[in-house]
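Since the structure comes first, as structure tokens, the remarks are kept for the end.
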Amino acid sequence: MKIVSTVKELKTLREELKGSVGFVPTMGAMHNGHLSLIRQARIQNDAVIVSIFVNPTQFLPNEDYEKYPRREEADLKICTLSGVDILFMPTKEEMYAKTEPEILAPVNLAYILEGGSRPGHFDGVLRVVLKLFNLARPTNAYFGKKDAQQLYLVQNMVKTLFLNVNIVPCDIVRESDGLALSSRNVFLGKKEREQALSLSIALKNASQAIMKGERDAKNIELIMLDSLKDLRVDYAKALSRDFEAKEKITVKETILLIAAFVGNTRLIDNLWI
Ligand code: AMP
């Protein structure tokens, strides 16, 4: 595996690659969720590029940019063992200039759900993803369904800016008890780890109600809120898969989305119905 930190080095190495290229952008502190994306990229492509970059523009000023877990050595091992060809680990100076055009996520989606609590977050996400796509020039790029709104906005950017990359959505990887893997789970104390289970339980309870025939979106949201009553809930929504509110739930066209605070840690989870 070649490890590079400059744009110049990455460009040179990219020139040398032949055949299809799978790309997995990450912020590091890797877990089995990241690994599943890398594995899929490895299987489906001739070469695999992974990036690790804690992207400052997607954090709000009061958020955990400084505190975001960084575990370079462990990440290097994971990437080496999973057959990554190029690992790109740039500095923020390498990725951003003092003066440059900004990207704005579409307003109808940028300020709801994740964007509602984190206004500007998706502008930063799209900005860095576009930069990374320009550098890695991937055939296929792998994104987790865990960040459903991000996945949707990236797909939308690719489609509307006519980018030449295929986005591959990857299933959410969970602990055996149902907790969705997240780099932020390391912030959870023992009791909080137990409380965090409420998110996946809420999704399960809601999906069971739908299986039994409940179709009213508001009732489904109440079922989720009931399972989340011990947490500070940011949102618990049953929406269409393009993130629009609907009175009635349609199976195969719905997504259940939750964001809640467990202690000071904000967790998200979702289920595609
Ligand atoms: P991050 O390092 O948090 O930016 O995540 C990098 C990629 O891994 C994103 O596409 C995430 O959606 C994906 N990811 C994070 N957690 C999981 C998970 N539990 N299962 C599947 N993909 C995940």
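Read the numbers this way: they start at 1 and go in the same order the structure lists the ligands and their atoms. Everything numeric in this text was worked out from a predicted model, so none of it was measured. The analysis underlying the following values was restricted to heavy atoms, covering all of them including side chains, and did not include hydrogens, waters or symmetry mates. Note that the numbering runs from 1 along the sequence shown for the chain.
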Show the atoms of ligand 1 that are less than 4.0 angstrom away from any heavy atom in [X].
X	result
L181	16 (N), 17 (C), 18 (C), 19 (N)
D171	20 (N), 21 (C)
P25	6 (C), 7 (C)

Any side-chain to backbone donor/acceptor pair from Q195 onto G263? Under 3.5 Å, distance only.
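No; zero donor-acceptor contacts below 3.5 Å.
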
What do you reckon, does M27 have a nitrogen or oxygen under 3.5 Å from a nitrogen or oxygen of ligand 1?
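Looking only at distances, the answer is yes, because the N/O contact criterion of under 3.5 Å is met.
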
Counting only heavy atoms not in E63, do more than 12 sit closer than 6.0 Å to its CD atom?
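Yes, the 6.0 Å shell around CD holds more than 12 heavy atoms from other groups.
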
Given [options], which has its nearest heavy atom closest to [atom]?
atom	options	result
atom 11 (C) of ligand 1	V128, D147, V173	D147
atom 9 (C) of ligand 1	A180, G144, A29	G144
atom 16 (N) of ligand 1	H31, R184, H34	H31

Qualifying residues under ring-ring contact (aromatic ring centres under 6.0 Å, His included), relative to F187, sequence neighbours excluded:
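Checked F187 against ring-ring contact (aromatic ring centres under 6.0 Å, His included); zero matches.
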
Nearest protein heavy atom with distance in Å, relative to [atom]:
atom	result
atom 7 (C) of ligand 1	L37 CD2, 3.7 Å
atom 3 (O) of ligand 1	Y68 OH, 3.8 Å
atom 23 (C) of ligand 1	K146 CB, 4.1 Å

Reference residue V154; test side-chain contact (heavy atoms from CB on, under 4.5 Å); the match among D147, V165, L126
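That would be L126; it is the only one of D147, V165, L126 passing the side-chain contact (heavy atoms from CB on, under 4.5 Å) with V154.
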
Would you say Y96 and N55 are linked by a side-chain donor-acceptor pair, where the criterion is simply a distance under 3.5 Å?
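Yes.
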
Is F261 isolated, or which residues cluster with it under the ILVMFWY side-chain rule of less than 4.5 Å, directly or via members?
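Result for F261 is none, singleton.
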
Give the minimum heavy-atom separation between P25 and S51, together with the two atoms involved.
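Where P25 meets S51 most closely, the heavy atoms are CA-OG, 3.3 Å.
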
